[in-house]
Number of protein chains: 2
Amino acid sequence: MATIHDVAALAGVSTSSVSNVLNGRTEKLSAATYSRVEEAIRKLAFRPNRAARQLKTGHTPMLGLLVPSTANPMYGQLALNVEAAAQSRFNYRLLLGNTHRDKQQEARMFEDLLSFGVRAVIIVSSLNDERHLEDAVARGLAVVSYDRSANDGSHSLVDHVSADNYQAGYLAADHLIAYGHRRLAFLVPGGKTLSRGEKIDGFRERVSREGPRYSASVVEGRVSEAFGDSELPDLGFAMASQVAAMRPMPTGIVTVNDMLAIGLMSGLQQLNLRVPDDISVVGMDGLSVAAFTNPGLTSVAMPLTEMAGTMVERAIARSTQPDLPAADFLFQPALIARQSVAKPPRAKKAASST
Amino acid sequence: MATIHDVAALAGVSTSSVSNVLNGRTEKLSAATYSRVEEAIRKLAFRPNRAARQLKTGHTPMLGLLVPSTANPMYGQLALNVEAAAQSRFNYRLLLGNTHRDKQQEARMFEDLLSFGVRAVIIVSSLNDERHLEDAVARGLAVVSYDRSANDGSHSLVDHVSADNYQAGYLAADHLIAYGHRRLAFLVPGGKTLSRGEKIDGFRERVSREGPRYSASVVEGRVSEAFGDSELPDLGFAMASQVAAMRPMPTGIVTVNDMLAIGLMSGLQQLNLRVPDDISVVGMDGLSVAAFTNPGLTSVAMPLTEMAGTMVERAIARSTQPDLPAADFLFQPALIARQSVAKPPRAKKAASST
DNA sequence: GTGAAAGCGCTAACAA
DNA sequence: TTGTTAGCGCTTTCAC
């Protein structure tokens with residue numbers, strides 16, 4: 001690989017002039033010198049060594065992205081959007097890590113990012129404990145947290161970009177209620193996850209507005225210790241039995257995310273429960289693949305592209321201006337109606353017999 | 001951030017001793033010194049600066065991964081597997097790029113990798129033209145190409161890790177034929193893709209063995225210039241009409257990948273064609289989500305984890321030992337039977353009328 | 001407008 | 001066994 005010295009030699013100038021060209025300081029060079037240097041750079045196919053540059057400047061155009069698992073299409077899409085924004089708007093490249101929602105892995109990744117000189121990171125974490133995030137901040141990382149709203153007040157050290165999960169839960173319940181459902185259930189994996197709390201609150205709030213004849217239950221899937229995002233559909237599949245065993249059985253189900261819903265629908269069909277004739281399902285995320293399930297999955301979609309843009313912008317801004325205070329950003333979800341929701345079977349009966 | 005000097009000072013030794021500890025050269029230090037240095041490292045939470053190290057050694061523990069789009073769950077899974085192998089077996093981190101199968105983007109990413117000091121890269125490309133890959137190799141990258149078999153002979157510069165696509169096509173056709181199908185079709189997006197050639201060959205070969213009463217057609221989807229992997233399901237959906245318009249209509253369809261199949265099934269159902277009663281579908285990839293479609297999608301699965309492991313191993317091995325010759329690795333696919341394949345409707349009639 | 005030179009944090013001879 | 005030192009390739013004062 002050619003170095004700045006080779007270029008300087010070929011162009012017959014000093015290395016500092018080459019450096020000035022590299023950094024676009026047009027005003028410091030005569031047009032003639034400038035183009036002579038450019039020519040030399042072209043000829044040698046010279047690309048500056050980032051390690052050297054970083055060693056000098058202290059930063060490097062890389063952004064860390066930590067997601068639970070890119071095998072979950074939700075995070076695959078997120079990675080795509082984040083990468084696109086980072087690349088096209090800031091010329092930053094993406095360092096990707098799958099954390100499996102494991103605190104150790106997250107912490108190790110932070111360590112590595114730091115040692116690579118990366119100063120901006122976006123993390124999708126659902127861990128209750130944000131202490132390791134704050135450690136990372138203390139050591140110089142600008143951290144943006146996805147979908148973990150900060151209303152627990154504590155930490156103004158980390159940016160939070162999230163969907164309005166309360167509203168998401170509210171919308172999902174609202175949609176089912178509009179179709180006449182009265183016995184609703186909200187499905188979540190057991191254990192840790194956090195943003196689901198608000199989703200459940202919104203869901204419950206909407207149901208409780210209808211009075212005592214409406215019910216809102218929360219069903220937790222049984223998950224093993226090592227439960228990962230790739231097993232979400234399997235869990236949904238298994239939870240179909242839990243739902244089917246409920247007495248009375250709910251007629252409208254909301255799941256905390258789309259992959260769970262996809263598994264659930266499959267499991268329900270396996271039990272000869274038809275969606276939406278016997279039971280309606282609403283997912284959350286707005287995965288593009290949800291448009292192609294059978295039936296199409298109604299889902300509360302998050303504005304992923306906008307959120308990705310904001311996250312990238314914040315992470316990079318705060319990494320370059322460490323004095324910028326952390327902030328929270330809330331995005332509004334929107335329900336996408338497809339075919340997985342219909343009138344509840346009871347309502348049909350009720351119409352003729354009550 | 002603490003530097004090696006701070007550690008040396010605190011431990012009361014020279015920087016080279018610290019360096020030796022960092023690089024685990026136990027034999028060069030007394031046990032006492034060693035642990036004193038370790039202690040100092042711990043106390044200062046010292047992490048060596050990779051940029052400095054890289055500047056010195058010329059390499060950095062990073063691996064590039066270029067995929068068309070992580071929004072395609074196939075590549076999301078691939079990224080997960082590659083990252084896991086790189087991380088757990090080599091302590092390498094992953095630099096991810098979405099190329100949208102665009103040559104410019106691929107070339108730019110190569111440039112960037114080079115300038116970041118990354119010497120090992122795995123690429124999923126379907127571009128006919130491998131010249132930019134060879135350019136990259138010439139400039140010092142160890143390139144491993146996924147699923148682009150090299151039997152065009154030309155390039156021994158790039159490693160090729162691929163599934164036996166001929167066999168995949170063969171297996172898919174074989175499965176349909178075993179169920180009694182005679183009119184088969186193979187669906188692909190229009191334009192570029194490459195590995196599909198062998199899939200089609202295997203598919204055709206299997207069908208032609210049955211003689212003239214069997215037919216194998218290839219259907220190309222109409223795609224725009226900017227067609228991307230995220231639109232695969234949409235394309236499949238649209239292609240359902242193309243299939244439905246064929247006279248005679250095929251009863252068994254194979255698609256070049258699962259996302260296309262998922263869209264196709266949805267489109268067929270939209271046209272009131274039932275899968276598998278009216279028409280059977282076989283996908284390719286073995287996406288985990290294909291187990292949860294309705295009906296479950298029969299698919300020819302590629303051994304993704306093993307392939308990812310091999311790719312990582314090769315990329316890193318060849319980046320550290322540039323004299324290692326490039327090689328090709330072929331993996332055997334396996335058909336996963338689910339519910340999207342059944343006897344053809346004609347065969348049922350035939351059974352009673354012939 | 002251009003060049004000389006110091007130094008970012010590390011590694012690896014080589015000396016001691 | 002431990003320390004000294006010369007760079008790796010770049011950026012950036014500071015002279016000229």
Side-chain angles (χ1 to χ4, degrees), chain A residues 1-38 40-41 44-62 111-112 114-119 139-140 320, chain B residues 1-38 40-41 44-62 111-112 114-119 139-140 320:
Chain A
M1 296 277 295
T3 76
I4 200 172
H5 286 103
D6 302 327
V7 176
L10 181 60
V13 299
S14 74
T15 59
S16 38
S17 293
V18 179
S19 174
N20 283 130
V21 171
L22 290 179
N23 294 287
R25 292 188 245 280
T26 343
E27 75 286 0
K28 308 205 80 181
L29 311 209
S30 70
T33 318
Y34 202 97
S35 53
R36 202 140 37 84
V37 173
E38 280 185 319
I41 289 174
L44 297 171
F46 168 73
R47 303 270 87 194
N49 178 322
R50 298 236 178 234
R53 182 176 277 181
Q54 178 188 346
L55 191 54
K56 204 51 203 170
T57 64
H59 55 249
T60 186
M62 284 202 312
E111 289 289 297
D112 277 10
L114 245 5
S115 85
F116 275 116
V118 176
R119 288 284 153 324
R139 306 189 60 203
T320 50
Chain B
M1 297 276 295
T3 76
I4 200 173
H5 287 103
D6 302 327
V7 177
L10 182 60
V13 298
S14 74
T15 59
S16 42
S17 293
V18 179
S19 175
N20 284 331
V21 171
L22 291 180
N23 294 287
R25 292 188 243 282
T26 342
E27 75 287 0
K28 308 204 79 181
L29 311 206
S30 70
T33 319
Y34 203 96
S35 54
R36 201 139 39 82
V37 172
E38 281 185 317
I41 289 175
L44 297 172
F46 167 74
R47 303 270 86 193
N49 179 324
R50 299 241 178 228
R53 181 176 280 182
Q54 177 188 347
L55 192 53
K56 200 57 202 167
T57 64
H59 54 248
T60 187
M62 282 201 313
E111 290 287 296
D112 277 11
L114 246 4
S115 85
F116 274 115
V118 176
R119 291 286 111 85
R139 306 189 62 204
T320 49

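The sequence lines fix the lettering, A, B, ..., with proteins before strands; numbering per chain opens at 1.
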Nearest-nucleotide comparison on DNA chain C, the residue closer to the 5′ end among B/K28 and B/A51 =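 It is B/A51 whose nearest nucleotide is closer to the 5' end.
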
Flag side-chain contact, heavy atom, 4.5 Å: B/I41 against B/L22 =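 Result yes, sub-4.5 Å side-chain heavy-atom pair found.
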
Give [X] one of three labels, base, sugar-phosphate or nothing, depending on what nucleic acid heavy atoms sit under 4.0 Å from its own.
X: A/S19; result: base
X: B/V13; result: sugar-phosphate
X: B/L29; result: sugar-phosphate
X: B/N20; result: nothing
X: B/F46; result: sugar-phosphate

Could you tell me whether the side chain of [X] and the main chain of [Y] form a donor-acceptor pair under 3.5 Å?
X: B/N23; Y: B/R25; answer: no
X: B/R50; Y: A/S115; answer: no
X: A/T3; Y: A/H5; answer: yes
X: A/Q54; Y: A/V118; answer: no

For A/T15 and for B/T33, find the nucleotide of DNA chain D with the closest heavy atom, then tell me which residue's nucleotide is more 5'.
->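 Whichever sits nearer the 5' end wins; that is B/T33.
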
For DNA chain D, whose closest nucleotide is more 5', that of B/Y34 or that of B/T57?
->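 Mapping each residue to its closest nucleotide by heavy atoms, the 5'-most match is B/Y34.
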
Spacing of B/D6 atom CG relative to C/dC10 atom P, expressed in whole Å |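 Rounding to the nearest Å, CG of B/D6 and P of C/dC10 are 9 Å apart.
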
Nearest-neighbour nucleotide for the [X] side chain, [options] considered:
X: A/L55; options: D/dT1, C/dC8, C/dT11; value: C/dC8
X: A/S17; options: D/dT2, D/dT11, C/dT2; value: C/dT2
X: B/S16; options: D/dT1, D/dT11, C/dA13; value: C/dA13
X: B/K56; options: C/dT11, C/dG1, D/dT11; value: C/dT11
X: A/R25; options: D/dT11, D/dT12, D/dC8; value: D/dT12

Please state whether the phosphate of C/dT11, meaning OP1 or OP2, lies under 4.0 angstrom from any side-chain nitrogen or oxygen of B/N23.
->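 Checking C/dT11 against B/N23, a side-chain N or O does come within under 4.0 Å of OP1 or OP2.
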
Under 4.0 Å between a side-chain N or O of B/T3 and OP1 or OP2 of C/dC8?
->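 It does not, given that no N or O in the side chain of B/T3 lies less than 4.0 Å from OP1 or OP2 of C/dC8.
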
